[in-house]
Amino acid sequence: MRAARAALGRGREVALGFAAWQRFHVPSWSEMFQPVRGKPDFPALEADITAFWRSASIYEKSLAARRDGPRFVFYEGPPTANGMPHPGHCLTRTIKDLYPRYRTMRGEYCERKAGWDTHGLPVEVEVCKELGIHSKAEIEAYGVEPFIHKCQESVWRYTKEWETLTERIGFWIDLSTAYVTYHKSFVESVWWALTTLFDRGLLYKGHKIVWWWGQGGTALSAGEVGQGYREVADPSVFVAFPLLDEAGEPTARCLVAWTTTPWTLPSNQFAAVKADLEYVVLREAAVEGEPAAGREYVIAGPLAAAFGEKLKMAFEVVERLRGDSLVGRSYLPPFDIFRPEGPPQPAPLAAGGAEPAAWRVVAADFVTTDSGTGIVHVAPAFGEVDYGVLVAEQARFASGNEPTLLNPVAPDGTFTDAFPMGSGRFVKDCDRDITRDLKARGLLVHQEQYVHDYPFCWRAEKDPLIQYPRESWFIRTSRFREQMLANNEQIDWLPDHIKHGRFGNFLETNVDWALSRERYWGTPLPIWVCEETGQAEAVPSYEALLAKPGVGGVEVFDQAKRADPDLSDDLRVHKPYIDAVTYDSPFAPGKRMRRVSEVIDCWFDSGCMPFAQWGWPHRGGDEFAAQFPADFISEAIDQTRGWFYSQLAISTLLFGAGYEGDLPPGAAAPPGEYPHPFKTCIVLGHMLGEDGQKMSKSRRNYREPAEIFDAYGADALRWFFLAGQPPWTGIRYNERAIRESIPEFLLRLWNVYSFFVIYAEIDGFDPAAVLAAPGQLDHADLARARGWRSAAERGELDRWMLSELHATAAVMVERLDAYDHFAAAGELSRLVDAVSNWFVRSSRDRFWAAGRADGGPEANPDKLDAYWTLYETLLTIARLAAPFVPFVSEAIWQNLAVAGAGDAVPESVHLTDYPEGDEALVDRDLVRRMGVVRDVASLGRAARAAERLKVRQPLSKVEVILTDPATGDEAWLAAHAELVCDELNVKQFEICREPDRYIERSVLPDLKKLGPRLGKDLPRLRKALGTADGAAILAAIHDSGQATVPLDGGGEAMLEEGDVIVRTTAKPGWAAAEGPRAVVVVAKDLTPELVAEGLVREVVHSVQTRRKTLDLEFTERIELVFASTSGELREAIEAHLDYVAAETLATTASVSADEPAGGERIEIDGHPLVIDVRRT
RNA sequence: GCGCGCGUAGCUCAGCUGGUUAGAGCGCCACCCUGAUAAGGUGGAGGUCCCUGGUUCGAAUCCAGGCGCGCGCACCA
């Protein structure tokens, strides 16, 4: 292929193939560049580029070229492919593409291994929806084996959409070697991690109150619970607990307890008060004509008033008492399902004496007066704190007499027969009946709605979670809190407040990781238990399992495989097959080891990804060693407690001191600065819909990514993400904003590119012809071309452009190295604006000047300079822009570099080195001074506009007054008189000799300087200077070095050089405009000669318009015939006939009073004119 | 409730180590320019810089207290 292309000579054919190019380039007449269409079809262009990258394996080549470079390690946080990708994923994929691309261009070797998160509740729930089932019983009835098969299929449901998106947005990543969390190799790495934790005593089984998903029959981790909070209105009830007298009979005095979970009242075991808090006993005040109500309420003193208001009743306080005086009193619980008949029976305490084991007032520190009544209903089965009360009470009683946990709720979240009223119904659904019953029995003191956030299952959104006592497996992460915090210190977070804010806070409040899930589709917990003794051991791999003595049950999978040869071998390590594998117990002769039934939290899978993606430590030692830790990761903010945490926690626990001893024999130890798994993390904001609300399918407040790609292209979307706002602000996904970002950058760049190609063709500018060794076509490479002149030899405009170019490159590198692509994009945008609106604009004449640009005998050196400058600028911009907008950059590179130089230059812009900027070409003084010229031009246009002097009308003179003559810019500006005259269409440029005619100078104090010195006198000085003669003060400072200003109300202030700022304002009556650096005045007076010239310019403009309507080529010659009844106009045209002909490429031109047959009838400033443009 | 972030033009956002007339882009209006034109230029309209109080000669910027929005946390019993 390479040889074939070389045989074609200078590689004219473009790598994309000509047919593809024709779609966005008009058919060629050229020898150099493919002509560029003025109106690019970006989506079509991108499709062609994508095809080119794929067929030419550009991504693979970009890796191969950097194989020996330093590593840049990137981790792909695995998405789940069982849902459609949405705009948020486009953002992450854009950011994840930008930095690897950039780093690769910088010479680093950046492998990009894709990954898929495949396990867990989301998948199971999806499958259940599909099967129309919900509960675990239904899954069991359907069969675990077919269910698992469904899960495995479901995981790949939208893979195609994901792959399409990935390629379409230009995210370069290796999908073919993607890691998959359900693969055997991945699972075995996770097993190794769990075995290591188990052997170190960090994985334990605990009896705890967990957040429980009743319908799903499993506990959830803190992370999962956090995802499901929702605001709901729950019943809020105030319930009377009558205190018992010595005989065990209820009295009229009642404790008032408050709860938002009436369904926990049947399980009440204690009432808690705060020992040192004051409580009051309230009695309903007597109302005239009615007997005083007999009942008394005990409630915390500070809450009594609010309580009275709620009940809209007047109470009198009959007694005040401290909380500890209530401790030990028995009361009547709201339900008697667990309570024996008769008075409470005391049970012996460990320390001697006796007390009733339950339904007794206890003291507890967690009681507050923030809300409620200061008396807490304690149901140990359904609250972590409540459970703590029970454990503490149990410790007080003599062995065998402890209070037991009372639990009338089954694991599926329904009441058992122990509570007949709710038997078989979900607990929360019984709140209303329970409340009604309490009311009927006179125990309901008050009822209202309480709006608060309550957790629901993050996947089954209608299922509320409940706190529930359960045996569950935990990882002792809380023991590593300090180490995790220390490791966090070493991570660079963007934005940096994440480190000590969200993420740091989350680590501070770390609790043990509730790891196990009583589910089906997940990494099985690799723990086998002796059926006799209950002793357990963990198994680090399938191979280790097979090596166990007397292993059996492996054949279950083999049989299934025979029945279905398509069955994936990866399922060997999954339920239900793995559950069949048992082996001889080392703990009890003749007994078997059986696996526990649980699978694990899928977040643990993804957190193991740094090593599990290679199957380490069982295999992949070299890869892991080279790819840990990551230099860069990026995900959205919801991953703080997800993937960001799981990676850090696992890494900290596993790779802290002494991990080497836990590696299997022969496994490579990981290198690097352990144990933080990533060095830099960009935390992305959440994307919002068009209306600023959360994106939601049902609200239809965003357009599908595919539609955006089809309408505007991937580069437009990428640019919108990268240049629109810093990545961590919540991004409004706004179609209008995406559309509008095109002209301001992509199209502007394209226009310059198109301009260059058009004129390069006309002038025969052909770099490839004069470059023996083009290299990467950077400054040094171009210097070897024939006819090339160094920057020092070129004009100021060229030097200025090159200076801007190289300075911008340097800043962009500096910004991108700091992961600040937003600022880098801003620089790039400014650069493109500078090329388009100053360099090209000011250089037009040079491109249109006589002579060729081909290095031949007719060559015009200045013209050639302009081409070389623009050529270098465009190529460099293509490379600078490549990580941001990879498609357009590639299109420009293909045409400007590959089309001419063929194999002699890198085949793709993404195979070039990122420009770093050549400091030697940067001339900051020139840039500043060019800024002055641009200011003057801009002010001149403003002055014209203010007087309605249109630019086509030539004026005699422009005068400039510089605000600060000391800079020495005067002479420099005078030297650029031609440029200014050109821009402003004036005949003469002058630095004003008598500025006082046009301007006034006033003197302002430099507050920053004088503030600290004068303090309170400052306002008076400002007032004094406001009315003072500025010129006199300036003169005084100039002559004697200081000026004295008298202050109102006495005293004076002394001013020295540098204490004041001079402001220049234009006097009224002149066509003048003022800016911070200069005042520009244009002469308004018109001589007949100037008027005539103005008319001629109008005529030329009309002819050009006519050429355009006739669709003439830029170089096509014409014949011109004018006719006008206006003598003034005829004279003007006649006087400038040569000029008109030259400007309009007319071979002949004539003007007469007689109207010709053809032609267009128009009016020029009130003068009638007929123009006849004829093709030659 | 606690924590993090945010509140500046119609929209999207800069500015915020205190300093003079608070900026940019887009949108809108007017005019201009147009041999790159889905461009470009100049001007204009549009602001209680969320509120209140404090520190200071001076506050969009610092401090305190509110209010509002987004997100996170969770022993709201």
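Proteins get letters first, then strands, A, B, ... in listed order; numbering begins at 1 in each. Keep in mind the model is a prediction, meaning the values are calculated, not measured. Hydrogens, waters and symmetry mates play no part in the numbers below; they use all other heavy atoms, side chains included.
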Check the phosphate of [N] against [X], side-chain N and O only, distance under 4.0 Å to OP1 or OP2. Yes or no?
X: A:R641; N: B:A74; value: yes
X: A:T260; N: B:A77; value: yes
X: A:R841; N: B:G41; value: no
X: A:Y759; N: B:A36; value: yes
X: A:R844; N: B:G35; value: no

**Request:** Describe the nucleic acid contact of A:S829 in one word from base, sugar-phosphate, nothing, applying a heavy-atom distance below 4.0 Å.
**Result:**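 Nothing: the residue A:S829, judged by heavy atoms under 4.0 Å, touches no strand.
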**Request:** Report which part of the nucleic acid A:V840 touches: base, sugar-phosphate, or nothing (heavy-atom distance under 4.0 Å, all strands).
**Result:** base
**Asked** Between A:A379 and A:A1142, which has a closest nucleotide on RNA chain B that is more 5'?
**Response**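 First, find each residue's nearest nucleotide; the 5'-ward one identifies A:A1142.
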**Contact nearer the 5' end of RNA chain B, comparing A:Q953 with A:D833** = A:Q953
**Request:** Could you tell me whether a side-chain N or O of A:Y871 sits under 3.5 Å from a main-chain N or O of A:L896, the two making a donor and an acceptor?
**Result:** yes
Could you please name the partner base of [N], counting Watson-Crick and G-U wobble pairs only when both distances are under 3.5 Å?
N: B:U55; result: none
N: B:G43; result: B:C29
N: B:C49; result: none
N: B:C13; result: B:G23
N: B:G72; result: B:C2
N: B:A77; result: none

**Ring-on-base stacking B:A36 with A:F756 (under 5.5 Å, under 30°)** = no
What integer distance in Å separates [X]:[atom1] from [N]:[atom2]?
X: A:I375; N: B:A77; atom1: CD1; atom2: P; answer: 16 Å
X: A:F839; N: B:A36; atom1: CZ; atom2: P; answer: 15 Å
X: A:F503; N: B:C73; atom1: CZ; atom2: P; answer: 13 Å
X: A:H377; N: B:C75; atom1: NE2; atom2: P; answer: 17 Å
X: A:E508; N: B:G3; atom1: CD; atom2: P; answer: 14 Å
X: A:L507; N: B:A74; atom1: CG; atom2: P; answer: 13 Å
X: A:L465; N: B:C73; atom1: CG; atom2: C1'; answer: 16 Å
X: A:L1120; N: B:G35; atom1: CG; atom2: P; answer: 15 Å

If the [atom1] atom of [N] is compared with that of [M], how far apart are they to the nearest Å?
N: B:C50; M: B:U42; atom1: C1'; answer: 35 Å
N: B:C57; M: B:G43; atom1: C1'; answer: 37 Å
N: B:G23; M: B:A60; atom1: P; answer: 13 Å
N: B:C11; M: B:U55; atom1: P; answer: 35 Å
N: B:C13; M: B:U8; atom1: P; answer: 9 Å
N: B:U48; M: B:G5; atom1: P; answer: 27 Å
N: B:C62; M: B:C2; atom1: P; answer: 23 Å
N: B:G7; M: B:U52; atom1: C1'; answer: 16 Å

**Message:** So for A:T261 and B:A77, does any side-chain atom that can act as donor or acceptor lie under 3.5 Å from a complementary atom in the base?
**Reply:**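 It does not, because no donor-acceptor pair links the side chain of A:T261 to the base of B:A77 below 3.5 Å.
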**Request:** Taking the side chain as every heavy atom from C-beta outward, state whether A:D763 and A:K863 have any pair of such atoms under 4.5 Å apart.
**Result:** yes
**Message:** Within the structure provided, determine whether A:F506 and A:T640 are in side-chain contact (heavy-atom separation under 4.5 Å).
**Reply:**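 SC-SC contact between A:F506 and A:T640 ruled out.
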**Request:** Name all residues meeting the ring-ring contact (aromatic ring centres under 6.0 Å, His included) criterion together with A:Y867; count only those two or more places apart in sequence or in a different chain, and write none if there are none.
**Result:**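 Partners of A:Y867 under the ring-ring contact (aromatic ring centres under 6.0 Å, His included) test: A:F765, A:F847.
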**Request:** Of all the heavy-atom pairs spanning A:W750 and A:A891, show the shortest one and how long it is.
**Result:**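 Looking at all heavy atoms of both residues, the shortest contact is CZ3-CB, 4.4 Å.
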**Asked** Which atom pair, heavy atoms only, marks the closest approach of A:A723 to A:A825?
**Response** CB-CB, 3.6 Å
**Distance (rounded to the nearest 0.5 Å) between A:R1097 CZ and A:Q953 CD** =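 Nearest 0.5 Å value for the CZ-CD distance: 9.5 Å.
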Heavy atoms from C-beta onward define the side chain here; which of [options] lies closest to that of [X]?
X: A:L1145; options: B:G35, B:A36, B:C76; result: B:G35
X: A:E1098; options: B:A77, B:A36, B:C33; result: B:C33
X: A:R748; options: B:A77, B:A36, B:G40; result: B:G40
X: A:L747; options: B:A77, B:G40, B:A38; result: B:A38

**Prompt:** What residues, two or more places apart in sequence or in another chain, satisfy side-chain hydrogen bond (donor to acceptor under 3.5 Å, both in side chains) together with A:E635?
**Reply:**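 Once residues adjacent in sequence are excluded, the partners of A:E635 under the side-chain hydrogen bond (donor to acceptor under 3.5 Å, both in side chains) criterion are A:K96.
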